[in-house]
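Please read the structure below before turning to the comments.
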Amino acid sequence: MPQYRIAESASLLGVSDDTVRRWVDGGQLPAERDAAGRLVVDGAALAEFTRDQARSAPDPSAVGRSARNRWVGLVTEIVSDKVMSQVEIQCGPHRVVSLMSTEAVRELGLVPGSLAVAVVKSTNVVVETPGEG
């Protein structure tokens, strides 16, 4: 089972080491000492904590969909030519890029600052793990 030191946990959660230590001290995040006496967080516990802490902006579309990968964010940039556009949406810490027709951009009224929902439905998702150093 993978274990993560406090600094690694903080990096993965996007918070400071002190915040992770407060969560551990407060009993919100379980941790234990490894063989070297360092404070570590079990990978499964960190994954569960991460999922529980995730906050998304409410989806304004109020539409039911089968796609589970949905991120609410703000359009930050649009690069268009006559036929195609590249639309960037900042969804929390994640940047999502969509290629669509320029006609669709106009029909949706997308401009930088627009509220948008990025919806991904795909059977082709690449999952990578860090290489062994």
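Any value given below was found using the heavy atoms of this structure, including those in side chains, with hydrogens, waters and symmetry copies removed.
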With sequence neighbours left out, what residues match A36 under side chain to side chain contact (heavy atoms under 4.5 Å, CB included)? D34, R38

Pairing residues for V97 by the side chain to side chain contact (heavy atoms under 4.5 Å, CB included) criterion, not counting sequence neighbours: Q86, E88, R95

Would you say that T76 contacts I89 through its side chain, given a criterion of any heavy-atom pair below 4.5 Å between the two side chains? no

Side-chain heavy atoms of R33 within contact of L39, under 4.5 Å: yes

Per-pair distances, 0.1 Å, donor-acceptor, side chain in residues 7-14, under 3.5 Å, sequence neighbours excluded:
{"unit_1": "E8", "atom_1": "OE1", "unit_2": "R5", "atom_2": "N", "d": "2.8"}
{"unit_1": "S9", "atom_1": "OG", "unit_2": "R5", "atom_2": "O", "d": "3.1"}

Hey, is the main chain of V15 close enough, under 3.5 Å, to the side chain of T19 for a donor-acceptor pair? no

Do the side chains of R22 and D25 get close enough for a salt bridge, i.e. N-O under 4.0 angstrom? no

Hydrophobic clustering (ILVMFWY, side-chain heavy atoms < 4.5 Å, transitive) - are I78 and M100 grouped together? yes

Please answer: with hydrophobic residues joined when any side-chain heavy atoms are less than 4.5 Å apart, are V40 and V20 in the same cluster? no

Those residues at least two apart in sequence (or on a different chain) that pass ring-ring contact (aromatic ring centres under 6.0 Å, His included) with Y4 are none

Evaluation steps, side-chain contact (heavy atoms from CB on, under 4.5 Å), between D42 and E32: CA-CA 8 Å; D42 172 75; E32 56 191 42; 5.6 Å; no

Closest non-hydrogen atom pair, V41 against A31: CG2-CB, 4.2 Å

For V117 versus V72, what's the shortest heavy-atom pair and its separation? CG2-CG2, 4.0 Å

What pairs meet the ring pair (Phe, Tyr, Trp, His ring centres under 6.0 Å) rule with one or both residues in residues 9-34, with sequence neighbours excluded? W23-F49

If you look only at distance, which donor and acceptor atoms sit under 3.5 Å apart when one is on a side chain in residues 101-108 and the other is two or more places apart or in another chain?
{"unit_1": "S101", "atom_1": "OG", "unit_2": "A104", "atom_2": "N", "d": "2.9"}
{"unit_1": "T102", "atom_1": "OG1", "unit_2": "D81", "atom_2": "O", "d": "2.9"}
{"unit_1": "T102", "atom_1": "OG1", "unit_2": "V83", "atom_2": "O", "d": "3.4"}
{"unit_1": "T102", "atom_1": "OG1", "unit_2": "M84", "atom_2": "N", "d": "3.3"}
{"unit_1": "T102", "atom_1": "OG1", "unit_2": "M84", "atom_2": "O", "d": "3.0"}
{"unit_1": "T102", "atom_1": "OG1", "unit_2": "S85", "atom_2": "OG", "d": "2.9"}

Test side-chain contact (heavy atoms from CB on, under 4.5 Å) applied to L110 and V87, step by step: CA-CA 9 Å; L110 295 177; V87 179; 4.3 Å; yes

